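None of the values given here were measured: they were computed from a predicted structure. Read the numbers this way: they start at 1 and go in the same order the structure lists the ligands and their atoms.
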Amino acid sequence: MCGIFGIITSEEQPLGPVLIEAARRLAYRGYDSVGCATVAADGTIDLRKDVGRIGEVSARLGFAEMRGRRGITQLRWATFGAPSQANAQPHLDSDGDLVGAHNGNVVNNVQLRELFIREGLTVRGTNDGETCVHAVERHYDRNGGDMIAAIRAAYADLEGDYAFVITHQNDHRLYAIKKGSGLVAGLGEGMSCVSSDLPSILPLTRRVLYVRDGEIAVLTPDGVELYSVASGERIAREPEWYDGPIEVAEKGGYPHFMLKEIHEQPAVAGELLHLLDNSPHVARFLQALQARRERPVHLVGCGTSYHACLLGAYYLGQLAGRAALPVLGPQFIEQCGACVGPEDVAVFVSQSGETKDVLNAVKVMRERGGQVLGVLNVLGSTLAQQSDCYLPLACGYEISVPATKTFVNQAVLFLYLAYRLAGRNAAELDVLPGLLAQTLDATEGAARQVARYLEPWSALHYLGYGITHPIALEAALKLKEITYAHCEGMFSSEFKHGPLSAVHSDYPVLFVTAPGDEGMMISHINEVTTRGGHAIAIAAEHPALRANADDYLVVPQAAREFMPILATLPAQLVAYYMSVARGIDPDFPRNLSKTLTVD
Ligand code: M6R
């Protein structure tokens, strides 16, 4: 997830230190490259950028000495185009009089770049931030140098979710536009600024103006004006005073990164779907999955990513008739290492792309001549480098140790591939982000209450049936990870084969149910409740299920295959609120690390 920051001041001054500080405050979002541009009073643009950490690139390129009346800094998290100096941001237009940087994803980047090259623009890299700058450049002259008109026209060309900031060397204003990605402006004494989020603004001013989708912010040293992209008309909105702590702002106003990341899920799922619709790599994935259907495709991961593989195997099997074998990273070597060969395909799934247990399996697959497909969140990671082809999860930086948004996007990605393999219209999935948002609204209060019930219990069970079995495992892992209670996830039919003996008075068992499985689940619930256990259902509204359960987390009605993804959210919330109720910091549970680079 990239971050942008721009500032405009009444006097020329050393802007380098301000830009470095802003970049540092955006760094928690994750990045692989950093750059700064300043515009002096005479319009000279100074642009410095490269791949690397802020401290190192800044020292090497001398950011601290940069001066100007306008400045832009950007932290890039690669999505389109590898991390490189050319792809680092900010970017110049063809003749170097416009400079700008973006945050987000322009999903028709490839098509627009080809168009710009055909039209004779100077395209230097493959990054979609550069595409934003050229998109404005293209309309700037046609509109007689009217920047607002040029941005409005560019907005119509640029598909996806993004925000960008841009300025012309001879126009002492900064322009910022928002479509899907975060953007907030700050108003100070002789200075205005704009950023992807609050933490980089608060050291400069606490008077802030939130820019909304479809709005252009025009910054001068004296203030910020908003314009509607649709009508071109001025929008009247007063700035607000932010008096919260900076640490809370970093977490988007949430007390923990985990809760912030849970609430980001509708947005990142939408961004991923946009990205997949426009990714040339999807065709390669589909081709690989379609080939040699008589051999199962291996889906390999660890922890939460393994649970996504389990769900992926259900999706590929049930929806597309494609046999898939979910395997743990280390298990792949032991169980499959000797029987895979050049005719086989394996999908390796990892948020970090650095999990050693997964990379060891990749090595074996490579040695045996098989095809390595990657699904990962951290671009530039080892898995990205070692894959024949990979798809990004497009979640931005996931800070909290428990994986949340990356799991949901792994599941969305597998569902997308299964739809495409089955010849179904993937546009049917566009309702998912809305359903995820509804699920959060509908279940957060009830999840808090359920967490209160669970808080004193040191052992409990999560049960799922069929397509919700992977969610029972994932929900149990999440709960164990951040509450330190023991929680076992199981296939509900298996419960009677031994673990049923754990049930005694009020013993909690949570049941995750997809549409069509309610009858079976009711009978499994009764095995528990007749022995005094406490049954908590996570399902869409179903009168008979409600009549049999003690508590009910009601997920919106949706297609059967959506239920595992939707039901994940209340399960994450239950774990989160139970963790907090136990006085544990869910972001940094004891003994655990976000990236496991050891065997
Ligand atoms: O980065 P990876 O997806 O490869 O990590 C694998 C597991 O370590 C990870 O999913 C872990 O289980 C999560 N922290 C659980 O929330």
Side-chain angles (χ1 to χ4, degrees), residues 30 256-262 264-265 268 272 298-312 326-333 346-363 365 372-387 390-414 462 470-485 487 489 568-569 571-576 578-579 584-599:
H256 297 98
F257 285 110
M258 182 179 179
L259 195 58
K260 172 175 180 275
E261 287 160 5
I262 288 173
E264 282 170 0
Q265 293 177 117
V268 296
L272 176 68
H298 297 84
L299 309 182
V300 188
C302 292
T304 289
S305 296
Y306 169 68
H307 297 149
C309 293
L310 285 172
L311 182 58
V327 202
L328 288 164
Q331 182 190 9
F332 178 82
I333 301 168
V347 182
F348 295 87
V349 182
S350 172
Q351 182 285 129
S352 60
E354 300 294 349
T355 299
K356 185 79 184 331
D357 288 331
V358 172
L359 296 179
N360 290 344
V362 169
K363 185 162 176 273
M365 188 65 174
V372 173
L373 302 181
V375 169
L376 47 100
N377 194 41
V378 181
L379 302 197
S381 60
T382 310
L383 178 58
Q385 292 161 34
Q386 294 184 358
S387 300
Y390 68 81
L391 287 173
L393 291 168
C395 290
Y397 203 29
E398 190 177 65
I399 293 177
S400 196
V401 168
T404 52
K405 56 181 177 172
T406 51
F407 174 75
V408 159
N409 269 11
Q410 287 164 348
V412 169
L413 189 142
F414 275 124
Y462 251 109
I471 305 312
L473 300 192
E474 171 57 13
L477 172 65
K478 211 93 305 171
L479 202 129
K480 280 184 274 214
E481 189 177 12
I482 60 172
T483 70
Y484 311 154
C487 183
T568 300
L569 275 53
Q572 294 168 343
L573 289 166
V574 166
Y576 170 78
M578 185 172 165
S579 173
I584 296 167
D585 179 350
D587 286 339
F588 303 104
R590 70 183 179 207
N591 307 339
L592 298 180
S593 134
K594 185 77 184 160
T595 305
L596 286 160
T597 53
V598 290
D599 291 298

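Shortest non-hydrogen contact noted between Ala308 and Phe407 is N-CE1, 3.5 Å. Met258 approaches Pro586 most closely through the heavy-atom pair SD-CB, 3.9 Å.
With respect to atom 5 (O) of ligand 1, the closest heavy atom belonging to the protein is Thr355 OG1, 3.4 Å. Ranking protein heavy atoms by distance to atom 8 (O) of ligand 1, first place goes to Leu596 CD1, 3.7 Å. Nearest protein heavy-atom contact of atom 7 (C) of ligand 1 is Cys302 O, 3.6 Å. Protein heavy atom closest to atom 15 (C) of ligand 1, with residue, atom name and distance, is Thr304 OG1, 3.1 Å.
Close approach of ligand 1 to Pro402 (heavy-atom distance below 4.0 Å) involves ligand atoms 16 (O). Taking every non-hydrogen atom of Ser352 and a distance limit under 4.0 Å, the qualifying atoms of ligand 1 come out as 1 (O), 2 (P), 4 (O).
By the 4.0 Å heavy-atom criterion, Lys478 is counted among the residues contacting ligand 1.
For ligand 1, the polar-atom distance check against Gln410 finds no nitrogen or oxygen pair separated by under 3.5 Å. Between Val401 and ligand 1, at least one pair of N/O atoms sits closer than 3.5 Å.
Selection from Ala575, Ala403, Ser305, Pro589 by nearest heavy atom to atom 3 (O) of ligand 1 gives Ser305.
With no hydrogens or angles considered, no side-chain donor-acceptor pair links Thr404 and Gln572 at under 3.5 Å.
Under the 4.5 Å side-chain criterion, counting only non-hydrogen atoms from C-beta, Tyr390 is not in contact with Leu383. In this structure, Gln386 and Phe348 have side chains that are not in contact, with every pair of non-hydrogen atoms separated by 4.5 Å or more.
With a heavy-atom cut-off of 4.0 Å, Glu481 touches ligand 1 through its side chain alone.
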Going through the distances and angles, do Leu272 and Leu413 end up as a side-chain contact (heavy atoms from CB on, under 4.5 Å)?
CA-CA 8 Å; Leu272 176 68; Leu413 189 142; 4.1 Å; yes
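Looking at Ser352, its side chain does come within 3.5 Å of a backbone N or O of Glu354 through a donor-acceptor pair. A donor-acceptor pair under 3.5 Å is formed between the side chain of Asp587 and the backbone N or O of Phe257.
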